[in-house]
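All chains are named by letter (A, B, ...) in the order of the sequence lines, taking the proteins before the strands, and each is independently numbered beginning at 1.
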Protein chains: 2
Amino acid sequence: MKRDSRLSMVLHALMHMAEHDHPMTSDALAKCLSTNPVVVRRTMGLLREKGLVRSERGHAGGWTIAADLSTITLRELHEALGEPEIFAIGHRHEAPDCLVEQSVNAALDGAFAEAEAVILKRLDEISLADLATDFARRHSARRAKKD
Amino acid sequence: MKRDSRLSMVLHALMHMAEHDHPMTSDALAKCLSTNPVVVRRTMGLLREKGLVRSERGHAGGWTIAADLSTITLRELHEALGEPEIFAIGHRHEAPDCLVEQSVNAALDGAFAEAEAVILKRLDEISLADLATDFARRHSARRAKKD
DNA sequence: TTTCACGTAACATCTATTGTTACATGAAAC
DNA sequence: GTTTCATGTAACAATAGATGTTACGTGAAA
């Protein structure tokens, strides 16, 4: 299965934007992310709908973050992306007639629901500010290594 | 993303097999599962490699469970299927040069690793015998409803 | 009015799962 | 022994979702 990497993508984009004090164009972001500017617009557009980022056209236009980094959580971003399926494993029929299949579905649903709660909780606990802190740590570690 | 439903499928098949005291053919199972007999053989073949089921050719041939229901866990079945990806969400590059991307990957990996541990633990705790018990409960509940 | 950048539709590509066809192999029944 | 039944397996088709691409429209600043 092909994994949805949009959450990873927007995080990567937002962190690069956080490092700049000017708007970043879709083209510039696309280069950072090794993707296509249209993909950037399409995906960042979902964040704009939730008021998380702004976009401006014309000269000196581009994308900017519209809120404090500490107030944006990974969970919010996940929701802004439309809460895509978290699991690559599932069952075929949602409401089967077969009692055997109902039993199987119930067991799997229980196990996955528990894991889903865990992951949503974790996503809720991590903000962009946390990522920025982690990045700063890695950044100075690399500088120290170079010197 | 298209979800892998093979775990659901083999569970469904095994429970039907558990209800029979004769081998079940791939054709019969395929009808239960609303799929194709070749898909059944392909998938059940993975379980056979782990010794969880047996297959016999010719007259009165078909598939049988090769172990006690209480000793087969969902986790074992997941492993027999080749431990397919659990998550539909991931990141693009496994070992990126970009420090920003490394930071993003680390955060997501942490969150998902925790959830993966939860789900594997749950799968380990559920056996086919548990499913059979649950099925029996549902079965008698339906009978009671009918009467 | 030209340039820049986003907005969006439409289409192409890629990839993984699932479904299908075809034929070989082996075992039991006759 | 030959027919029938069932699995084993390769090869290919269909499907679906994610991602990439092209093309053109719109608005803002130089």
Discussion item. Just to be sure I understand the rule, does Arg42(B) reach a base, reach only the sugar-phosphate, or reach nothing, if contact means heavy atoms closer than 4.0 Å?
Written reply: base
Practice prompt. Can you tell me the distance, in whole Å, between the CD atom of Glu56(A) and the C1' atom of dT26(D)?
Written response: 15 Å
Fill in: Spacing between Asp4(B) atom CG and dG19(C) atom P, to the nearest angstrom
11 Å
Worksheet item: Taking the nucleotide of DNA chain D with the closest heavy atom to each, which residue, His59(B) or Asp27(B), is nearer the 5' end?
Response: His59(B)
Fill in: Val38(B) vs Thr25(B), nearer the 5' end of DNA chain D by closest nucleotide
Thr25(B)
Worksheet item: Met44(A) CE to dA5(C) P: how many Å, rounded?
Response: 16 Å
Practice prompt. Report which part of the nucleic acid Arg92(B) touches: base, sugar-phosphate, or nothing (heavy-atom distance under 4.0 Å, all strands).
Written response: sugar-phosphate
Discussion item. Please tell me if Arg57(A) has a side-chain N or O lying less than 4.0 Å from either OP1 or OP2 of dT26(D).
Written reply: no
Practice prompt. May I have the distance from Leu29(A) (atom CG) to dA5(C) (atom C1'), rounded to whole angstrom?
Written response: 12 Å
Discussion item. I want to confirm an ordering. Mapping Gly61(A) and Gly58(B) to their closest nucleotides on DNA chain C, which one lands closer to the 5' end?
Written reply: Gly61(A)
Practice prompt. Would you indicate, yes or no, if dT7(D) has its OP1 or OP2 atom less than 4.0 angstrom from a side-chain nitrogen or oxygen of Ser26(B)?
Written response: yes
Worksheet item: Does Ser5(B) put a side-chain nitrogen or oxygen below 4.0 Å from OP1 or OP2 of dT17(C)?
Response: no
Worksheet entry | Atom pair CG (Asn105(B)) and CG (Leu11(A)), whose distance is rounded to the nearest 0.5 Å | 9.5 Å
Item to complete: Mind checking Arg54(A) for me? I need base, sugar-phosphate or nothing, with any heavy atom below 4.0 Å counting as a touch.
Response: nothing
Discussion item. Can you confirm if the aromatic rings of His12(A) and His16(A) lie within a centre distance of less than 6.0 Å?
Written reply: yes
Practice prompt. Ignoring backbone atoms, establish whether Ser55(A) has a side-chain N or O less than 4.0 Å from OP1 or OP2 of dA5(C).
Written response: no
Worksheet entry | Between P of dT17(C) and CD of Glu85(A), the distance in whole Å | 15 Å
Fill in: No-hydrogen, no-angle side-chain donor-acceptor test under 3.5 Å, Asp130(B) and Ser127(B)
yes
Practice prompt. Rounded off to whole Å, could you give me the CG-to-C1' distance for the Leu33(B) and dT18(C) pair?
Written response: 13 Å
Worksheet item: Rounding to a whole Å, what distance do you find between Asn36(B):CG and dA6(D):C1'?
Response: 15 Å
Worksheet item: Would you call Glu76(A)-Lys50(A) a salt bridge at under 4.0 Å N-O?
Response: no
Discussion item. Output the rounded distance in Å from NZ (Lys31(A)) to C1' (dG20(D)).
Written reply: 16 Å
Practice prompt. Give a yes or no on this: more than 12 heavy atoms of other residues, nucleotides or ligands lie within 6.0 Å of atom CG of Asp97(A).
Written response: no
